[in-house]
Undergrad: 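Quick one: the structure is below, and I'll ask about it shortly.
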Amino acid sequence: VQLQASGGGLVQAGGSLRLSCAASGRTLVNYAMGWFRQAPGQELEFVAAIIWSSSSTYYADSVKGRFTISRDNAKNTVYLQMNSLKPEDTAVYYCAADSTYNIVVVKRPGYWGQGTQVTVSS
């Protein structure tokens, strides 16, 4: 699976951004896709995930109610709509794909896209 992320940028606190992750190379029906992020000096953090076949979603507590993950079957693309952004959301965001277990349970996916920088100014 090849993953191409896009959509990062600079936004003021309270603003919104939408990240996209286009997948290619394999059917995603048996996969989950997720977003992770890494702030400077911090460990990689799970943000959100979606099960491709059922559209079930999972979120980190820190983003619940503010971020929404969704998918577009026709475009093989996953989105992360980020609203009410906070300075602490500043990080490099990575999309990832793998089995539901590896994405949601152990949070160690095998397929990664390149990162996209999200910067939230106060």
Side-chain angles (χ1 to χ4, degrees):
V1 177
Q2 289 81 47
L3 304 173
Q4 181 72 36
S6 61
L10 173 64
V11 65
Q12 288 189 333
S16 298
L17 280 174
R18 189 178 79 158
L19 305 183
S20 300
C21 179
S24 61
R26 190 170 294 188
T27 178
L28 297 174
V29 67
N30 295 319
Y31 280 75
M33 291 188 70
W35 290 94
F36 293 73
R37 66 186 182 186
Q38 188 165 29
Q42 301 205 7
E43 294 186 353
L44 195 65
E45 176 189 19
F46 169 80
V47 176
I50 186 166
I51 311 304
W52 197 265
S53 59
S54 68
S55 292
S56 297
T57 57
Y58 302 84
Y59 296 94
D61 288 343
S62 58
V63 307
K64 276 181 184 175
R66 300 188 298 121
F67 290 11
T68 302
I69 189 169
S70 62
R71 60 146 174 75
D72 183 325
N73 269 344
K75 296 182 179 179
N76 250 21
T77 297
V78 169
Y79 303 99
L80 185 69
Q81 178 67 43
M82 305 185 294
N83 298 328
S84 302
L85 282 161
K86 305 175 182 180
E88 51 263 44
D89 294 317
T90 295
V92 178
Y93 284 69
Y94 299 90
C95 66
D98 210 318
S99 66
T100 301
Y101 180 78
N102 283 341
I103 290 275
V104 178
V105 178
V106 298
K107 299 182 175 58
R108 292 187 178 180
Y111 302 97
W112 293 91
Q114 88 288 4
T116 184
Q117 177 71 46
V118 171
T119 302
V120 184
S121 63
S122 56

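Atoms considered below: every heavy atom in the structure, side chains included; atoms not considered: hydrogens, waters and symmetry mates.
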Undergrad: Test of understanding: with side chain to side chain donor-acceptor pair (under 3.5 Å), list the residues that count as partners of Asp89, not counting sequence neighbours.
TA: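 Counting only residues at least two positions away or on another chain, Asp89 forms a side chain to side chain donor-acceptor pair (under 3.5 Å) with Arg37, Arg66.
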Undergrad: Taking side-chain hydrogen bond (donor to acceptor under 3.5 Å, both in side chains) as the cut-off, I'd like each qualifying pair that reaches into residues 4-13, sequence neighbours left out, listed once.
TA: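 Not a single pair qualifies under side-chain hydrogen bond (donor to acceptor under 3.5 Å, both in side chains).
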Undergrad: Looking at CG of Leu3 and CE of Met33, how far apart are the two atoms once the value is rounded to the nearest 0.5 Å?
TA: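 Rounded to the nearest 0.5 Å, the CG-CE separation comes to 5.0 Å.
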Undergrad: Let me confirm one number: the OG-CD1 distance from Ser56 to Ile69, rounded to the nearest 0.5 Å.
TA: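 Answer for the OG-CD1 pair, Ser56 versus Ile69, is 11.5 Å.
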Undergrad: So which pairs with a foot in residues 47-60 pass salt bridge (Lys or Arg N to Asp or Glu O under 4.0 Å), sequence neighbours left out?
TA: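 Not a single pair qualifies under salt bridge (Lys or Arg N to Asp or Glu O under 4.0 Å).
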Undergrad: If you take all heavy atoms of Gly8 and Val118, which pair is closest and at what distance?
TA: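 Heavy atoms of Gly8 and Val118 come nearest at CA-CG2, 4.1 Å.
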Undergrad: Taking all non-hydrogen atoms of both residues, which atom of Ser16 and which atom of Ser84 are closest, and how far apart?
TA: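 Ser16 and Ser84 have their closest heavy atoms at OG-N, 4.4 Å.
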Undergrad: How close do Val1 and Ala97 get, heavy atom to heavy atom, and via which atoms?
TA: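 Heavy atoms only, the tightest pair is CG1-CB, 4.3 Å.
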Undergrad: Would you compute the distance between atom CZ of Arg71 and atom OG1 of Thr77 and round it to the nearest 0.5 angstrom?
TA: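 So the gap between those two atoms works out to 11.5 Å.
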Undergrad: Among Ile, Leu, Val, Met, Phe, Trp and Tyr joined by side-chain contacts under 4.5 Å, find the other residues sharing a cluster with Val104 and list them by chain and number.
TA: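 Phe36, Leu44, Phe46, Ile51, Tyr58, Val92, Tyr94, Ile103, Trp112, all in the cluster of Val104.
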Undergrad: Dump the intermediate steps for side-chain contact (heavy atoms from CB on, under 4.5 Å) on Val78 and Leu28, then the final yes or no.
TA: CA-CA 11 Å; Val78 169; Leu28 297 174; 5.9 Å; no
Undergrad: Within the distance-only criterion (no hydrogens, no angle test), does the side chain of Tyr79 pair as donor or acceptor with the backbone N or O of Thr68 below 3.5 angstrom?
TA: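 Not a single qualifying donor-acceptor pair exists.
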Undergrad: Between CZ of Phe67 and OG1 of Thr57, what distance do you get to the nearest 0.5 Å?
TA: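 Answer for the CZ-OG1 pair, Phe67 versus Thr57, is 14.0 Å.
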Undergrad: Would you list the pairs meeting disulfide (SG to SG under 2.5 Å) in which at least one residue belongs to residues 7-120, sequence neighbours left out?
TA: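 Sorted result for residues 7-120: Cys21-Cys95.
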Undergrad: Are Trp52 and Asn73 close enough that a side-chain donor and a side-chain acceptor fall under 3.5 Å?
TA: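 Side-chain D/A pair, Trp52 to Asn73: present.
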Undergrad: Report the residues that fulfil side chain to side chain donor-acceptor pair (under 3.5 Å) with Lys64, sequence neighbours left out, ordered by chain and then residue number.
TA: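 In terms of side chain to side chain donor-acceptor pair (under 3.5 Å), with neighbours along the sequence ignored, Lys64 is linked to Asp61.
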Undergrad: Using 0.5 Å steps for rounding, measure from the OG atom of Ser99 to the CG atom of Asn30.
TA: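 Going from the OG atom of Ser99 to the CG atom of Asn30 covers 10.0 Å.
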Undergrad: Which atom names give the shortest non-hydrogen contact between Ala91 and Ala39, and what distance separates them?
TA: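 Heavy atoms of Ala91 and Ala39 come nearest at CB-N, 3.8 Å.
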Undergrad: Ignoring hydrogens and geometry, is there a side-chain-to-backbone donor-acceptor pair from Thr90 to Val120 under 3.5 Å?
TA: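 Checked: pair present.
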Undergrad: Take Ser62 and Glu45 through the side-chain contact (heavy atoms from CB on, under 4.5 Å) test and state the conclusion after the steps.
TA: CA-CA 10 Å; Ser62 58; Glu45 176 189 19; 3.5 Å; yes
Undergrad: When rounded to the nearest 0.5 angstrom, what distance separates CH2 in Trp35 from CG in Leu19?
TA: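 Reported to 0.5 Å precision, the distance equals 4.5 Å.
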